[in-house]
There are 2 protein chains.
Amino acid sequence: MMLIMLQLRDLPTPEVLQKFAERYPDADVTAIASFLNLLRVATELSLALDACLSKHDLLQGRWWVLILLMREERLSSTPSILAEKTGVTRATMTGLIDSLEQGGLVVRVFDKADRRSVIVKLTDAGQAKLDVVMPDYYRRLRQCMQGLDVTKREELNQILGLIQLGIPALI
Amino acid sequence: MMLIMLQLRDLPTPEVLQKFAERYPDADVTAIASFLNLLRVATELSLALDACLSKHDLLQGRWWVLILLMREERLSSTPSILAEKTGVTRATMTGLIDSLEQGGLVVRVFDKADRRSVIVKLTDAGQAKLDVVMPDYYRRLRQCMQGLDVTKREELNQILGLIQLGIPALI
DNA sequence: TCATTATAGTTAGCCTCCTAACTATGTCAA
DNA sequence: TTGACATAGTTAGGAGGCTAACTATAATGA
């Protein structure tokens with residue numbers, strides 16, 4: 001997962017929103033405020049996650065590939081499947097695998113069954129990397145989210161579900 | 001505001017989370033789920049916003065600059081201030097202003113008071129562009145958020161505030 | 001006063017994403 | 001069987017971020 005967005009350090013004040021709402025009557029002031037707030041906090045979270053991962057010489061793209069491989073029984077997958085699961089293009093996945101392979105964290109193996117295909121496999125070094133990164137990430141994330149009790153977490157998930165339903169209307 | 005993040009199309013199932021939690025005892029399963037959910041929905045929102053803006057030949061960076069200029073009494077600001085408010089570097093802002101100026105939406109004016117500085121001003125064409133984009137954006141956003149009543153919007157803002165407090169612990 | 005430091009903006013070069021086009025291989029149906 | 005289409009992966013080139021270094025101007029203080 002990788003998120004890049006302007007950091008929106010200057011959210012509109014109520015006065016500014018009001019001024020815009022006068023010129024543009026379709027403006028829904030509380031909708032705008034919540035929407036921008038959501039994007040802003042998510043961006044800061046994403047940047048913080050990258051800062052955490054970069055201490056381990058990873059960013060979200062490569063990190064996520066390692067995690068997806070670790071989830072698999074055989075610790076392996078294909079570039080196409082990994083691209084689909086991470087939501088990047090196959091072209092981008094080629095680059096991610098290139099750099100992971102260069103670092104010795106994964107290997108490419110030819111698939112004897114389908115010679116168009118390549119199998120990407122997590123190496124011992126890749127697993128060892130995760131065994132360092134994940135505890136650090138989990139520890140930090142636990143701290144980050146400790147202000148939210150389980151009820152609030154469920155509330156958040158429910159609200160996010162509602163927003164997600166509306167996304168097609170935005171496009 | 002501009003956000004880029006992997007789309008995380010394959011959120012961990014409860015079983016996967018459980019498996020990871022066994023190997024990594026620091027894992028807080030509900031914290032992880034909410035965190036990833038937040039990043040995923042925000043990413044999809046950001047992509048949807050870009051899709052909406054790109055119909056008007058804009059993306060979040062240039063769009064945000066136009067909005068910040070419109071907020072100003074004199075419809076103008078400086079690259080440094082705009083960079084600070086959008087959360088991009090001054091180098092990036094140079095490029096954003098370049099392309100806006102090329103499209104005739106802003107102009108650069110030399111500042112007579114401080115000859116190091118440049119004043120960026122929204123043109124009539126820039127204001128006209130906003131007068132097309134903003135109603136479209138506001139209409140779509142209203143629809144997108146219509147599933148959330150005002151109470152839920154406030155709940156969301158409160159939860160986002162709590163998460164934001166935890167962000168320093170993640171870095 | 002004038003050397004030092006700070007600030008405004010730009011440029012150069014890198015990174016990671018994208019789309020589009022390409023190669024190689026597999027599949028399917030006339 | 002073989003021509004058309006589909007699929008897997010890569011490459012090439014572009015967009016928009018970033019950092020670091022550079023130019024020009026302003027501010028500061030010994």
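Atoms considered below: every heavy atom in the structure, side chains included; atoms not considered: hydrogens, waters and symmetry mates. All figures in this text were calculated on a predicted structure; none of them were measured in a lab.
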Which heavy atom of B/Lys152 sits nearest a heavy atom of A/Ile159, and at what distance?
O-CD1, 3.7 Å
B/Asp50 CG to C/dT19 P, straight-line distance once rounded to whole Å:
12 Å
Figure out the CD1/C1' separation between A/Ile81 and D/dA8, and round it to whole Å.
11 Å
Between C/dT10 atom P and B/Arg116 atom CZ, what is the distance in whole Å?
14 Å
Does C/dT16 have OP1 or OP2 sitting under 4.0 Å from an N or O in the side chain of A/Thr92?
no
Does this structure show an ion pair linking A/Arg40 with A/Glu44, if we count only N-O contacts that are shorter than 4.0 Å?
yes
Considering heavy-atom distances to DNA chain C, does B/Asp98 or A/Met93 have its closest nucleotide positioned more toward the 5' end?
B/Asp98
Without decimals, in angstroms, what is the distance between B/Leu47 CG and C/dC17 P?
13 Å
Is there a side-chain polar atom (N or O) of A/Arg90 under 4.0 Å from OP1 or OP2 of C/dT19?
no
Any Lys/Arg nitrogen of A/Asp26 or B/Arg140 sitting under 4.0 Å from an Asp/Glu carboxylate oxygen of the other?
no
If only side-chain N and O atoms of A/Thr89 are considered, is one of them under 4.0 Å from the OP1 or OP2 phosphate oxygen of C/dC18?
yes
So, is A/Arg108 close to the D/dT10 phosphate, meaning a side-chain N or O under 4.0 Å from OP1 or OP2?
yes
With a 4.0 Å cutoff (strictly under), does any side-chain N or O of B/Arg115 reach OP1 or OP2 of D/dT25?
yes
At under 4.0 Å, does any side-chain N or O of B/Ser80 touch on OP1 or OP2 of C/dG9?
yes
A/Thr94 side chain N/O closer than 4.0 Å to the phosphate oxygens (OP1, OP2) of D/dT10?
yes
How many Å lie between CG on A/Leu59 and P on D/dG17, as a whole number?
17 Å
Comparing B/Ala91 and B/Ser99 on DNA chain D - which has the more 5′ nearest nucleotide:
B/Ser99
At 4.0 Å (heavy atoms only), tell me whether A/Asp111 reaches a base, stays on the sugar-phosphate, or touches nothing.
nothing
Return no unless some side-chain N or O of B/Arg62 is found under 4.0 Å from OP1 or OP2 of D/dG16.
yes
Tell me the interatomic distance from B/Leu82, atom CG, to C/dA8, atom P, rounded to whole angstroms.
13 Å
Nearest whole Å is fine: how far is D/dG9 P from A/Ile97 CD1?
8 Å
Between P on D/dT7 and CD on A/Glu84, what's the gap in Å once rounded to a whole number?
14 Å
Just so I know, are the side chains of A/Cys144 and A/Leu45 near enough to count as touching, which here means a heavy-atom distance under 4.5 Å?
yes
Measure across A/Cys52 and A/Asp136 and return the closest heavy-atom pair with its distance rounded to 0.1 Å.
SG-OD2, 3.9 Å
Check the phosphate of C/dT7 against B/Ser117, side-chain N and O only, distance under 4.0 Å to OP1 or OP2. Yes or no?
no
